[in-house]
Amino acid sequence: MSKKVRVRFAPSPTGGLHLGGVRTVLYNYLFAKKHDGDFLVRIEDTDQSRYVPGAEEYIFDTLKWCGLEPDESVLHGGNYGPYRQSERKASHRQYAEQLVKDGYAYYAFDTPEDLEKMRQDFKTEQNPSPQYDHTIRMKMRNSLTLPPDETEKLLAEGTRHVIRIKMPEHETVSFTDMIRGEVSFDTSLVDDKVLLKADGMPTYHLAVVVDDFLMKISHAFRGEEWLPSAPVHILLWKYLFGLENMPQWAHFPLILGPNGKLSKRDGAKYGFPVFAMNWTDPKTNELTEGFKEKGFLPEAFINLLALLGWNDGTEQEIFSKEDLVEKFSMERVHSAGAKFDYEKAKWFNHEWIKKSITYSLQPTVKALLSQHGIIVNNDILLDKVIGLVKDRCTLLPDFVQQSSFFFKAPETLDVDAVKPKWSETKQLFFAELTRNYELATDWNTLTLENNFKEIAAVNDLKPGELMLPFRIMLVGGKFGPGVFDIAEVLGRSETIERISKAIKLFA
RNA sequence: GGCCCGUUCGUCUAAGGGCUAGGACACCACCCUUUCACGGUGGUGAUACGGGUUCGAAUCCCGUACGGGCUACCA
């Protein structure tokens with residue numbers, strides 16, 4: 001039941017899942033599946049003040065859409081719950097107390113005002129943001145500076161306090177990152193991070209270590225922004241559970257926007273989505289567009305995300321989820337950040353639409369068309385249409401423009417494209433074509449085209465000059481598949497009707 | 001400021017001491033197509049800079065510059 005590889009993804013329910021977040025899940029998922037391990041999701045909801053209602057559900061919806069459903073989570077059960085960090089409160093406190101007892105941590109009674117004062121007092125030009133570290137902890141109000149009986153008294157009275165880790169003064173902490181190799185830190189430069197907050201909730205630092213231990217996590221992967229706090233986590237593992245039980249770490253590079261770190265704002269600013277799915281912040285009512293709603297296929301989305309910072313060493317770029325599981329390797333993940341390129345993202349989607357089987361696109365296209373007032377009940381027809389137009393659709397909504405005219409005569413025709421070159425002979429040609437099509441024994445692309453060209457030849461007209469008008473008659477504009485293909489799908493009566501109506505319009 | 005991570009075409013990247021630094025997106029040209037696309041062929045375009053090590057460096061080492069992250073009782 002418990003497998004060798006257990007990885008977990010731990011989002012905080014404070015907003016939508018952006019590109020970097022989804023890529024982190026993806027890589028976690030791929031690694032777990034590749035090694036036939038378990039993929040867990042734990043929710044980091046220990047910060048009540050930043051908790052956003054609905055965000056947790058949103059996260060699971062996103063995972064579902066991407067096809068990255070966890071084996072164990074709040075929703076999926078399992079043997080290592082609870083999967084909401086806030087539900088582990090008691091257990092976390094106990095570990096923090098243990099650290100104090102062992103001399104690796106201490107109680108601190110400083111109020112927020114005290115901390116603010118400290119930052120002001122010790123601020124210099126060389127050090128604009130002084131930390132609560134070994135150089136100043138002996139100047140603060142904590143169980144290191146207070147006499148033991150006073151500490152006891154304060155605790156007994158229920159004075160608000162936190163528990164901080166006591167960073168060693170001069171030690172080098174190092175670990176091997178699966179992507180970066182050996183990374184080391186001087187502990188004297190790291191501050192005494194809060195482990196347990198005044199409200200009894202653990203901070204991420206304590207929670208990630210305790211939970212990973214309890215959940216028997218073998219590999220812990222997260223974004224590069226966590227690298228600076230890694231020494232704290234390494235030390236906690238050493239103090240609490242032993243380094244030999246510590247998971248292997250990997251820190252993924254960041255995904256960058258056009259101007260540095262990719263932000264929510266970049267989406268609106270540069271016109272591309274940054275979240276997997278639409279996310280409306282209930283606090284501000286601000287909408288951040290999603291790839292799903294923009295018209296991306298989930299397969300394309302995870303494909304493009306996977307390739308943003310990883311490749312298999314060959315020239316292959318299109319990977320299905322199964323391919324990715326098979327080919328993925330942590331060693332080939334880049335260490336440098338990758339700038340997101342929307343043009344390339346769209347290319348991936350285009351490739352996936354082209355390679356999609358027509359019937360798999362049916363429900364999506366049907367829904368899209370019905371949003372535009374076109375109800376399709378002929379699946380065979382729809383299938384033909386999708387097959388005809390999918391090569392020219394980059395985003396899913398392109399299907400609307402590319403295929404509505406098959407189901408509904410165009411409301412306006414691009415008359416200007418025809419009129420300047422319209423003539424009596426051309427009008428006569430189309431009248432004759434109509435009669436011919438009415439009587440044609442076969443109704444297929446080939447016959448339609450042959451008859452068309454024959455009549456043109458008889459009337460001493462170049463087919464080329466007639467194709468555009470014909471297209472405008474059927475489609476309304478200068479786009480779409482081959483005209484005779486369109487006519488075939490449209491059927492005899494519809495084709496003839498559109499020609500007749502248009503002739504009057506052009507005259 | 002300090003600490004950490006990073007630096008190959010505009011962008012994503014290949015090449016982990018050895019032939020003209022390869023591919024993809026985008027862009028340009030041509031072909032195909034009497035629409036728009038798809039497709040095909042070709043083109044422009046990169047090893048941040050300076051030192052080492054070496055017969056030989058994009059690749060290893062050092063420095064500089066630049067970019068990013070962290071520096072909360074947020075994750």
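Numbered from 1 within each chain, the chains take letters A, B, ... in sequence-line order.
Both the sub-6.0 Å distance and the 45° axial angle are satisfied by A:Arg164 relative to the ring of A:Tyr132.
One N or O donor and one acceptor, one from the side chain of A:Arg392 and one from the base of B:C36, sit under 3.5 Å apart. The base of B:A24 lies close enough to the side chain of A:Lys344 for a donor and an acceptor atom to sit less than 3.5 Å apart. Between the side chain of A:Arg50 and the base of B:C74, at least one donor-acceptor pair of N or O atoms lies under 3.5 Å.
With sequence neighbours left out, the side-chain hydrogen bond (donor to acceptor under 3.5 Å, both in side chains) criterion links A:Ser91 to no other residue. Checked against side-chain hydrogen bond (donor to acceptor under 3.5 Å, both in side chains), A:Ser49 has the following partners two or more places apart in sequence or in another chain: A:Asp47.
OP1 or OP2 of B:C36 has not a single side-chain nitrogen or oxygen of A:Arg471 nearer than 4.0 Å. At the phosphate of B:C73, neither OP1 nor OP2 sits under 4.0 Å from any side-chain N or O atom of A:Lys193. Contact check, A:His334 against B:A14: a side-chain N or O comes under 4.0 Å of OP1 or OP2. In this model, the phosphate group of B:A14 is approached by a side-chain N or O of A:Asn311 to a distance below 4.0 Å at OP1 or OP2.
The side-chain contact (heavy atoms from CB on, under 4.5 Å) with A:Ile217 is formed by just one residue from the set A:Leu40, A:Asp211, A:Val7; it is A:Leu40. Tested against A:Asp121 for a side-chain hydrogen bond (donor to acceptor under 3.5 Å, both in side chains), the candidates A:Arg119, A:Lys123, A:Lys117 yield a single pass: A:Lys117.
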Could you write out each protein N or O paired with an N or O of nucleotides 39-47 of chain B at a distance under 3.5 Å?
from  : atom 1 : to       : atom 2 : distance (Å)
B:G39 : OP1    : A:Lys354 : NZ     : 2.8

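Annotation: of the two residues near RNA chain B, A:Ala336 and A:Lys478, the 5′-most nearest-nucleotide partner is A:Ala336.
Across all strands shown, B:U64 pairs with B:A48; the Watson-Crick or G-U wobble distances both stay below 3.5 Å. Pairing for B:G16 is absent, judged as Watson-Crick or G-U wobble with the two contacts each under 3.5 Å. Remark: B:C3 base-pairs with B:G69. Criterion, Watson-Crick or G-U wobble with two distances under 3.5 Å.
The P atoms of B:C4 and B:A57 are separated by 30 Å, rounded to the nearest whole Å.
When ring centroids are compared, A:Tyr270 and A:Tyr342 stay outside the 6.0 Å threshold.
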